[in-house]
Every structure is written in C-alpha cells, then in structure tokens.
Amino acid sequence: MELINDNKCSWINDLNSRDNIKNLSSNLSCEWLIIGAGYTGLSAARKLGHLHPDQKIILVDAQLAGEGASSRNSGYLVDTTLNDGFTSSKELENYKKKADIYKLGIEVVKKFIKEHQVDCDWNECGKYFASSKEDDKKILENFSDILSKLGFEHNLFYNKDLKKKLGTNFYKIALYTKGGILLHPGKLVRAMIDTLPENVNLYENSFLLNWKKFNGRINCNFQNGKIKTKKIIFATNGFLRSLGIKQSYNFPITLTASMTRSLNDEEFKSIGEPNEWGVLPVRPMGATIRMTKDRRILIRNTAEVYNPYKMSKSELDKRSIKQKIGIKKRFPQLPDNIIQTTWSGIVSRTRNSSQIFEKLDDNTFVAGCYNGSGIGVGTLFGEQIAIKASNENTNEIETIESRNKPTWLPPQPFLNLGVKARLIYERLRARSET
Ligand SMILES: Cc1cc2nc3c(=O)[nH]c(=O)nc-3n(C[C@H](O)[C@H](O)[C@H](O)COP(=O)(O)OP(=O)(O)OC[C@H]3O[C@@H](n4cnc5c(N)ncnc54)[C@H](O)[C@@H]3O)c2cc1C
C-alpha cells in the first residue's frame with residue numbers, strides 16, 4: 001500500500017514547490033518519533049522541538065508533508081458545528097465542551113499565525129449553515145436556541161438577504177455564526193512546515209509499514225529504512241486504523257472536493273459580486289460550498305466509504321460531475337466547464353463524533369479524528385499531545401479530557417455495512433442539498 005501525491009488539488013497547486021525534501025534511506029534512532037505531518041503531527045513536532053531542544057525528534061510522512069487532508073480541506077476554522085446531533089437542549093453541556101475545544105483550536109491557530117506572520121488568507125467573515133428547504137427552519141431555530149444559551153453571536157437569514165450575500169437564489173434559510181474563520185489550508189500547513197524547529201528532522205515520502213515494541217523501545221519499519229524510538233506519537237488521522245491504532249474506535253471516510261477557476265469580471269458581476277463567504281450544509285450529506293477571496297468556488301458534496309489509499313482519475317471524474325451539477329444548481333448563469341481541479345482526502349470518524357486524544361501506554365500516544373474541524377482541533381491536539389507525552393499537564397489538556405470519549409464500533413464487515421447504510425440514509429435526506 002502506498003500514499004501518492006497528486007497534482008489535483010488547487011490549494012496545493014497555489015503553493016511554490018519545495019526544494020528541501022529528504023526521504024528516509026537509512027536506519028536511525030531518536031528520542032521522539034511522530035508519524036504523520038499534517039496539522040496534528042506538525043504541531044506536535046513544533047511543541048516537542050521547543051520542549052526538548054537537546055533531544056532528537058523525527059517527523060515522518062508517507063507523502064509530502066502537509067499534502068494529505070491538511071491541504072485538501074475546505075478551509076473552515078470552525079467555532080461551532082451543527083451536524084453532530086447536538087440539536088436538543090439536553091445535549092447542551094456536551095455541546096459546550098465541544099465548542100470549548102473549538103475555541104481553543106481557533107486560539108492556537110491564531111497564535112501561530114501571529115507569531116510567524118503567516119499569510120493564509122485569514123478572513124474572520126463568519127460562516128453560514130444554509131438550506132434550500134424551508135422545513136429546515138426548525139433545526140436552525142433549535143440550533144439558534146443552543147447558540148443563544150452559550151452566548152455565540154449569530155443571526156437567521158432568509159432567501160432575499162442570502163441572495164445578496166451569497167449571489168445565489170438557492171438557499172431559503174441560513175443561520176450565520178460570526179465566529180467562523182475562512183482560510184487557505186495549504187498556506188497554513190506550509191507555514192507549519194517552514195517554521196519547524198531546527199531539532200526536528202522531517203522525512204517525507206516514507207511510508208510506515210509496521211511497528212513493534214521491543215525492550216522498552218519502538219521499532220518502526222519503513223519502505224527504505226528503520227527508526228528505533230523511545231516515544232512515538234501517531235498523527236495519521238484517517239490512517240490510524242490501518243496502523244492498528246484504536247481500531248475499534250475510528251474509521252476512514254473519503255471526501256471529494258472541486259475548485260473552479262477564478263470567475264472573470266462578467267461572471268462575477270452576474271452573481272452580484274459577493275464578498276468571500278462559506279456555507280456548510282444543514283443536512284450532514286449536503287454540500288459545503290465556498291466563495292474564495294479570489295473569486296473561485298469550492299464545493300464538497302461527497303462523503304463515502306472508499307479505499308483511502310487511492311482514488312483513480314475516472315472515479316474522481318465521476319465525482320467532479322456531481323460537483324459541477326452542485327455549482328450549476330446554485331449558479332445556473334455560470335458556464336459549465338469552470339471546474340479546474342477535483343481531489344479526494346481522507347478524514348477519520350468515530351461513532352459519536354468525539355475526537356481521539358490518548359496515552360496508549362507510557363511511550364505511545366495518539367491524537368486524531370476531528371471530522372470537519374481538524375484545522376483548529378488538530379493543531380490544538382498536536383500541541384497538547386506533545387505536552388502530555390512529556391509528562392506535563394495544562395488547562396487545555398483538562399478541557400480536552402473532559403469531552404465525551406469515542407464509543408466502541410462493531411467489527412468488520414458489520415462496521416462498513418453500518419456506515420454505508422447510514423451514509424445512504426443521510427444522502428437521501430440531503431439529496432436536494434448536494
Ligand atoms: C475535502 C475535505 C474537506 C475538509 N474540510 C475541513 C474544513 O473546512 N475545516 C476543518 O477544520 N477540517 C476539514 N477537513 C478535515 C481536516 O482536513 C482534517 O481533520 C485534518 O487535516 C486532520 O489533520 P491531521 O494532521 O490529523 O491529518 P492529515 O492531514 O490527514 O495528516 C496525516 C498524515 O499522515 C500521513 N500518513 C498516513 N499513513 C501513514 C503511514 N503509514 N506512514 C507515514 N505517514 C502516514 C499522511 O500522508 C498524512 O499526511 C476536511 C477534510 C477533507 C478531506
């Protein structure tokens with residue numbers, strides 16, 4: 001099995017190519033090994049580098065660092081989420097714990113970009129949970145109630161206002177939360193790579209095949225070398241399960257997204273020249289759709305159980321057609337062939353949408369499973385799991401550990417059957433919203 005970089009993601013194509021790439025080609029030993037160089041692994045490495053300036057820290061990724069889901073997402077740094085089942089007031093306490101974690105996630109990303117003067121198209125423009133169905137008003141009013149109780153600034157908007165703000169007639173109702181941030185995920189993760197501390201050694205294109213504990217050390221076998229380490233942090237998110245980590249608690253889901261070229265002046269005028277915006281669906285399997293500051297439209301309207309290692313070009317093309325239809329539904333006046341790239345990315349889910357943050361034993365640690373909130377929460381969890389692995393404690397760790405823990409999943413083949421059935425049900429519920 002192999003993880004392959006491709007050139008099909010606009011966020012990655014926007015970046016300059018890097019020239020400092022090292023592959024693992026010999027046997028090494030270290031105090032600290034981190035597997036996976038997305039937001040989680042990069043943040044863990046950054047923190048360990050500062051906490052242990054004299055120790056050897058190795059960070060390894062199967063592909064180019066940051067070019068997994070961390071560059072392939074929709075770029076919403078979320079303050080709140082709707083699709084978690086927290087729609088009744090009895091769940092208020094659990095929802096608050098989740099929102100406290102999102103808040104810490106926003107703070108940690110903000111601190112990073114301020115400290116390193118990162119330009120990642122940061123825009124505190126809020127976000128919309130929108131629906132084309134008036135029936136969804138009830139869900140949004142319920143949600144509004146929860147947000148009011150927790151003090152989140154928000155508003156309900158209806159068709160006419162939405163047309164002005166988003167440039168489309170498609171949506172009938174939306175709940176806007178002021179605290180959401182939109183950013184360029186590729187630029188953010190690239191900055192995390194560029195600012196790694198000097199005592200962090202990054203090896204890329206180096207796939208971890210297997211790992212084993214022996215005499216208090218962990219031996220890791222890669223395609224072209226071995227690493228022996230005292231402590232290890234697994235930050236492979238959608239690939240935790242395939243490495244045997246918390247197998248009964250997480251499973252990978254493949255998401256596919258497309259991005260258009262920039263709209264020209266005439267096209268942009270035809271949709272009312274809106275400011276940058278981001279819409280999340282009210283029904284879980286509906287489309288995430290975003291207008292970027294450089295007038296590109298991003299759409300993500302598929303989520304499925306699929307081989308996480310590779311999606312072929314022909315399979316991507318099929319999903320691209322769905323995304324073209326999704327754009328056309330919202331912007332019928334735009335030309336048909338404006339999609340420039342289509343890509344897939346892997347996220348990790350748990351049964352109850354709770355994240356994994358855990359000491360597996362004295363030397364083995366794991367953080368992951370953020371669903372659609374990995375930009376902030378991944379950055380936070382990476383930093384905090386590094387602190388936990390260094391036997392220290394923080395208020396952030398206490399907040400993280402007070403969340404609901406992930407619940408147990410049935411074994412295969414029941415798991416895949418169950419997930420597929422659930423996705424089919426959600427897809428049917430959201431068929432007008434894709
Ligand atoms: C289409 C899409 C849209 C999304 N939208 C949003 C959004 O708007 N907002 C948000 O917050 N989140 C969003 N997400 C989720 C977010 O991208 C993830 O939660 C986040 O990237 C997780 O970061 P991570 O570092 O834990 O994992 P990843 O970024 O997945 O990094 C894990 C790394 O581990 C490496 N790896 C895996 N197996 C091995 C191995 N055997 N050996 C070595 N390395 C290995 C991979 O190559 C990868 O680089 C989206 C995801 C997708 C795919």
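The analysis underlying the following values was restricted to heavy atoms, covering all of them including side chains, and did not include hydrogens, waters or symmetry mates. Note that ligands are numbered from 1 as they come in the structure, with each ligand's atoms numbered from 1 the same way. Quick caveat: nothing in here was measured; it's all calculated off a predicted structure.
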*Are any of the N or O atoms of Gly238 closer than 3.5 Å to those of ligand 1?*
no

*Apply salt bridge (Lys or Arg N to Asp or Glu O under 4.0 Å) to Arg290 and list each qualifying residue two or more places apart in sequence or on a separate chain.*
Glu276

_Which option wins on minimum heavy-atom distance to atom 17 (O) of ligand 1: Ala303, Ala69, Pro185?_
Ala69

_Atom indices of ligand 1, in the order listed, that fall short of 4.0 Å to a heavy atom of Gly345_ = 53 (C)

*asked:* Show the atoms of ligand 1 that are less than 4.0 angstrom away from any heavy atom in Tyr76.
replied: 7 (C), 8 (O), 9 (N), 10 (C), 11 (O)

*Residue list, side chain to side chain donor-acceptor pair (under 3.5 Å) with Asn16, at least two apart or on another chain*: none

_For atom 29 (O) of ligand 1, what is the closest protein heavy atom, and at what distance to 0.1 Å?_
Ser70 OG, 2.6 Å

_N or O contact, Ser74 vs ligand 1, cut-off under 3.5 Å_ = yes

*Heavy atom of Gly378, distance to ligand 1 below 4.0 Å*: no

*Please confirm whether Ile375 comes within less than 3.5 Å of ligand 1 when only nitrogen or oxygen atoms on both sides are compared.*
yes

*Backbone or side-chain N or O of Tyr39 under 3.5 Å from ligand 1 N or O*: yes

*Which heavy-atom pair separates Tyr309 from Ser242 by the least distance, and what is that distance?*
OH-OG, 3.1 Å

